[in-house]
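Remarks on the structure that follows.
Convention: sequence-line order gives letters A, B, ...; per-chain numbering from 1.
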Amino acid sequence: MAEAILRVFRGGPEGGKPVDYRVPVAPGMVVLDALHSIQGHQSPDLAVRWNCKAGKCGSCSAEVNGRPRLTCKSRLDALPLDEPITVSPLKAFPLIKDLVTDVSWNYKINKMIPAFQPRAGVEWKMYQRDVDRVQEFRKCIECFLCQDVCHVLRDHAKHESFGGPRFFVRTACLEMHPLDGVSRTKLLKDELGLGLCNITKCCTEVCPEEIHITDNAIIPLKERVVDEFYDPITMLVRKIRGA
Amino acid sequence: MTSSYETHEHDVLIIGAGGAGLRAAIEALAQGARVGLVCKSLLGKAHTVMAEGGIAAAMGNVDKADDWRTHFRDTMRGGKFLNNWRMAQLHAQEAPERVRELEHWGALFDRTEDGQILQRAFGGHTFKRLCHVGDRTGLELIRTLQDRGVQQGIDVYMECTITRLIRDGDRIAGAFGYWREQGRFVVFKARSIVIATGGIGKAWKVTSNSWEYTADGMALAYETGAELLDMEFVQFHPTGMVWPPGVQGILVTEAVRGEGGTLKNNRGERFMEKYDPKRMELSTRDVVARAIYTEVREGRGTEHGGAYLNISHKPADYVKKKLPSMYHQFKELADVDITTGPMEVGPTCHYMMGGIRVDAETGQSTVPGLFAAGEAAAGLHGANRLGGNSLSDLVVFGKRAGTAAAEHSSRVQSGALDAEQLEEAEREMLAPFERTDGEFPYEIHRDLQETMHSLVGIFRNEEDLQKALGELEKFKRRLESVRADGSRMFNPGWHLTRDLRSMVLISEAVTRSALARRESRGAHSRIDYPNLDDTWGKQNNIIVKRGDTMALEQRPVADLPDELKEILAENK
Ligand code: SF4
Ligand code: SF4
Ligand code: FES
């Protein structure tokens with residue numbers, strides 16, 4: 001039977017190192033299967049998060065060969081098996097143990113965003129064409145891979161002043177809900193630090209749900225912020241001229 | 001005396017943060033209770049996200065003729081009349097309101113041409129009844145409830161596992177658990193506890209269920225003296241992935257058939273014609289699962305031991321729009337493009353119809369102050385659950401349990417937390433670290449899954465079930481020497497030593513009930529008793545702890561009031 005070598009980070013905040021494990025490879029096997037095989041046969045205390053093993057819950061995020069990915073959707077046969085496959089924890093969040101990081105910061109940011117609030121007296125009618133674009137955002141499985149890859153968090157650690165792509169998606173989802181009546185533009189500008197995003201699109205590239213984070217969520221939100229705070233007149237004129 | 005443990009006090013403690021737990025929490029909070037919500041994983045990852053096809057509610061948006069009566073009748077028929085009639089009635093009546101409420105909290109369902117919630121056909125439902133969002137309805141439901149709950153101010157304890165309920169005399173006083181991150185113990189004081197921990201799929205080898213599905217809540221309730229109901233009814237979903245091996249068991253939504261998918265064997269025959277010519281692929285899950293199993297066993301299966309499920313006769317764009325996760329799942333995990341070719345599918349352990357016996361109106365178990373909702377509770381689905389009736393179950397009975405739990409907590413005094421029970425709970429958790437020569441839990445788990453799969457599967461008989469009971473005794477002994485390695489910090493192996501105890505215990509309840517029921521009904525098929533039996537059709541199986549033994553007894557199914565009998569008699 002074919003074998004793969006998984007080079008898995010083992011350790012905690014005080015330090016750790018990659019450890020190599022040999023794992024037998026079955027057809028169609030994914031990295032998460034290999035991690036389970038290590039747990040089941042070699043190291044029962046290997047810390048890994050997972051739930052669905054079907055790409056639906058966003059629990060199993062890690063960096064596979066340096067790239068942020070869902071381990072349950074990373075097939076071994078798509079990776080070069082002649083060299084070790086490295087699996088390490090997400091970098092943008094504090095390490096707890098092995099592949100598990102402390103993602104609680106994301107839950108705090110989420111709490112800052114005002115919930116859906118229907119406009120007074122709305123009629124509960126919505127058409128598919130109006131909900132299509134919001135449904136795209138609602139596909140988000142909160143894997144936080146976009147958060148992990150975004151340089152504002154990953155390299156500059158601006159967790160205090162920046163909400164990150166996941167929460168721009170979430171805010172967009174509320175702002176563009178056809179019946180919502182709350183404005184979140186001030187929050188986007190002042191607290192979620194939308195201005196810090198320089199549209200590198202790295203988040204979009206790693207999103208397993210293929211949400212067009214930058215084009216469909218971030219850029220329209222940036223336009224809303226500009227409209228409301230910086231240039232209401234010019235924007236109005238531009239709009240009228242259709243430019 | 002609780003001073004040595006980190007302690008939190010709530011009026012209502014909810015265990016489990018899937019749809020039922022979240023809905024209960026939101027309601028209890030709305031009633032003014034101080035609510036704590038404990039979950040084994042991170043918030044928003046519960047098994048509810050795996051629900052794909054939709055939520056059943058007789059809104060009549062697509063088929064105007066639909067109403068609660070028809071939904072009630074479909075549910076009772078699907079459950080082979082073992083259902084708790086009152087639950088089936090309340091469920092059918094209240095589901096539409098619960099769906100509208102989700103929409104008012106921000107959920108965005110697929111729409112009809114005239115701007116209403118779109119509904120699709122599903123197995124066993126007379127009308128187009130399932131409100132849905134493509135094939136990710138569960139995600140929509142959990143995200144909506146999660147956001148609502150968090151905004152309303154529920155205290156959430158994530159990655160925290162309850163290992164024991166604490167009683168004061170005959171009532172509930174609190175719960176003992178541990179934080180996964182550090183392995184520290186924690187105690188919750190509460191006057192009402194709602195169990196919403198889901199099912200037991202992880203005891204079977206081929207399953208659609210996540211690691212959380214280890215019967216925790218049923219075991220906690222049983223140990224506390226609550227009765228379990230109809231535990232023999234385990235649903236095998238007809239369509240799980242069968243190839244490649246790594247993905248075996250992953251769910252293929254019934255929506256594929258709801259959208260017109262056909263099932264064929266290796267001779268190209270649409271074999272459902274033999275098993276249910278009227279409803280064909282949209283027959284109930286028990287029937288379709290047995291049909292596929294039989295085709296494979298008789299040599300008409302696919303290369304990898306399944307059936308062909310095909311939706312490629314529909315336009316590719318339509319398939320991608322209505323079944324986006326299925327499209328990606330097969331493309332990425334199995335190299336199959338479902339818009340051009342068939343999927344290989346076979347039965348996978350999916351859902352537990354049995355569970356904690358509860359009062360229909362309040363969700364209270366037979367232990368005062370202990371409530372249950374969702375898959376952990378039993379009664380609504382009888383011998384077989386219809387697709388789409390699970391999400392609606394969660395919100396209808398989650399809300400009811402939340403209301404009743406809050407009300408109960410305002411009426412009673414808090415119980416005292418007995419130091420002895422807490423210390424025993426701690427000892428029990430630490431024991432696996434003290435052993436140096438026992439087995440690791442993963443091996444025991446693999447063997448348990450093998451046993452349940454081969455001896456307590458889709459088709460059962462006396463001999464296999466007796467053998468399974470013997471095997472379960474051996475598992476209990478092996479668990480006495482199970483060992484954990486490493487530290488208490490985020491240690492899955494250690495965690496599994498606890499989960500296994502629940503799984504083995506509740507597997508025994510399943511096996512004993514399956515042995516007792518000498519007939520075939522719904523999801524329970526006995527090769528040695530292949531027919532329905534009228535006497536058994538009027539009896540529920542009850543499992544309850546008496547001293548140290550697991551006692552089994554039968555209770556008559558409650559008789560329906562006349563007006564509901566009339567609904568059932570109508571021939572539609
Ligand atoms: S586009 Fe913006 S949010 Fe996305 S990764 Fe780049 S900087 Fe971060
Ligand atoms: S937007 Fe995409 S990458 Fe970001 S958390 Fe959601 S699913 Fe993951
Ligand atoms: S385990 Fe759920 S997305 Fe990977």
Side-chain angles (χ1 to χ4, degrees), chain A residues 12 26-30 32-33 36 39-41 43-59 73 75-76 96-98 100 102-104 107 110-111 113-116 118 123-131 134-135 138-142 170 173-174 177-178 180 210, chain B residues 41-47 49-50 100 103-106 108 110-111 113-116 118 133-134 136 138-140 143 147-148 150-151 156 158 181 210-212 243-247 250-251 324-325 328-329 332-334 440-443 445-446 484-487 489-494 496:
Chain A
M29 197 162 153
V30 293
L32 182 61
D33 291 321
H36 283 161
Q39 275 182 341
H41 298 280
S43 185
D45 65 338
L46 169 63
V48 176
R49 275 198 189 102
W50 74 285
N51 280 67
C52 67
K53 211 177 97 61
K56 291 192 166 67
C57 72
S59 305
K73 279 174 88 182
R75 281 173 59 164
L76 293 184
I96 293 176
K97 181 185 157 189
D98 303 340
V100 173
D102 178 359
V103 293
S104 57
Y107 289 85
N110 193 32
K111 223 174 163 165
I113 303 170
F116 168 71
E123 197 193 345
W124 289 93
K125 258 190 186 209
M126 284 176 269
Y127 296 92
Q128 191 61 45
R129 58 177 180 277
D130 303 324
V131 303
V134 190
Q135 284 185 334
R138 294 187 69 89
K139 289 193 305 193
C140 170
I141 56 175
E142 298 209 314
R170 167 140 169 77
C173 154
L174 293 160
H177 187 299
D180 181 71
E210 296 178 5
Chain B
S41 291
L42 296 173
L43 186 61
K45 310 295 182 193
H47 206 61
V49 300
M50 290 292 286
R100 273 190 284 274
E103 181 165 84
H104 292 193
W105 293 346
L108 280 175
D110 287 354
R111 320 304 301 178
E113 291 285 313
D114 60 348
Q116 292 182 293
L118 181 60
V133 189
R136 54 160 195 87
L139 176 67
E140 187 70 16
R143 206 62 87 222
D147 289 337
R148 173 87 186 172
V150 166
Q151 290 294 338
V156 184
M158 296 200 289
E181 181 175 331
S210 79
W211 76 275
E212 298 194 296
W243 184 261
V247 301
I250 295 181
L251 189 65
S325 9
H328 284 118
Q329 187 171 310
E332 285 160 32
L333 299 176
F440 286 122
Y442 289 95
E443 203 169 313
H445 190 199
R446 282 193 293 272
D485 202 19
S487 78
M489 275 185 75
F490 212 110
N491 186 335
W494 179 36
L496 185 58

Option in [options] with maximal non-hydrogen atom pairs under 4.5 Å from chain A:
options	value
B/Val150, B/Asp485, B/Ile250, B/Leu43	B/Leu43
B/Pro245, B/Gly115, B/Pro244, B/Gly493	B/Gly115
B/His445, B/Arg143, B/Glu443, B/Arg148	B/Arg143
B/Glu212, B/His328, B/Met158	B/Met158
B/Ser41, B/Ala46, B/Gly106	B/Gly106
B/Met489, B/Arg100, B/Gln116, B/Arg446	B/Arg446

Any idea which of [options] has the most non-hydrogen atom pairs under 4.5 angstrom with chain B?
options	answer
A/Pro178, A/Gly12, A/Cys140	A/Cys140
A/Pro114, A/Gly28, A/Pro118, A/Cys57	A/Cys57
A/Lys56, A/Met126, A/Met29, A/Lys125	A/Met126

[X] side chain near [Y] side chain, heavy-atom distance below 4.5 Å:
X	Y	value
B/Lys45	A/Arg49	no
B/Val49	A/Ile141	no
A/Val131	B/Arg111	yes
A/Trp124	B/Glu103	yes
B/Val247	A/Val30	no
B/Arg136	A/Lys139	yes
B/Asp110	A/Gln135	yes
B/Asp147	A/Arg170	yes

* Asked: Are B/Leu108 and A/His177 close enough, and set up right, to give a side chain to side chain contact (heavy atoms under 4.5 Å, CB included), and what steps lead you there?
  -> CA-CA 9 Å; B/Leu108 280 175; A/His177 187 299; 3.5 Å; yes
Is [X] close to chain B through its backbone or its side chain, or both, or neither, when contacts mean heavy atoms under 4.5 Å?
X	result
A/Arg138	both
A/Val103	side chain
A/Leu174	neither
A/Asn110	both
A/Lys97	side chain
A/Asp33	side chain
A/Glu123	neither
A/Cys173	neither

* Output yes when a side-chain donor or acceptor of B/Glu113 lies under 3.5 Å from a complementary backbone atom of A/Gln128, and no otherwise. =>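 Between the backbone of A/Gln128 and the side chain of B/Glu113 there is no qualifying donor-acceptor contact (under 3.5 Å).
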* Counting N and O atoms only, with roles assigned by atom type, does the side chain of A/Lys53 sit under 3.5 Å from a partner on the main chain of B/Gly246, one being a donor and the other an acceptor? ->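 Side chain of A/Lys53 to backbone of B/Gly246, a donor-acceptor pair under 3.5 Å: yes, one is there.
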Looking at [X] and [Y], what are the two nearest heavy atoms and their distance?
X	Y	value
B/Phe490	A/Val48	CE2-O, 3.9 Å
A/Arg75	B/Ala334	NH1-N, 3.6 Å
A/Phe116	B/Trp105	CD2-C, 3.6 Å

Please look at [X] and chain A and tell me whether the side chain, the backbone, both or neither of the residue comes under 4.5 angstrom of a heavy atom of that chain.
X	value
B/Gln329	side chain
B/Leu496	neither
B/Leu333	both

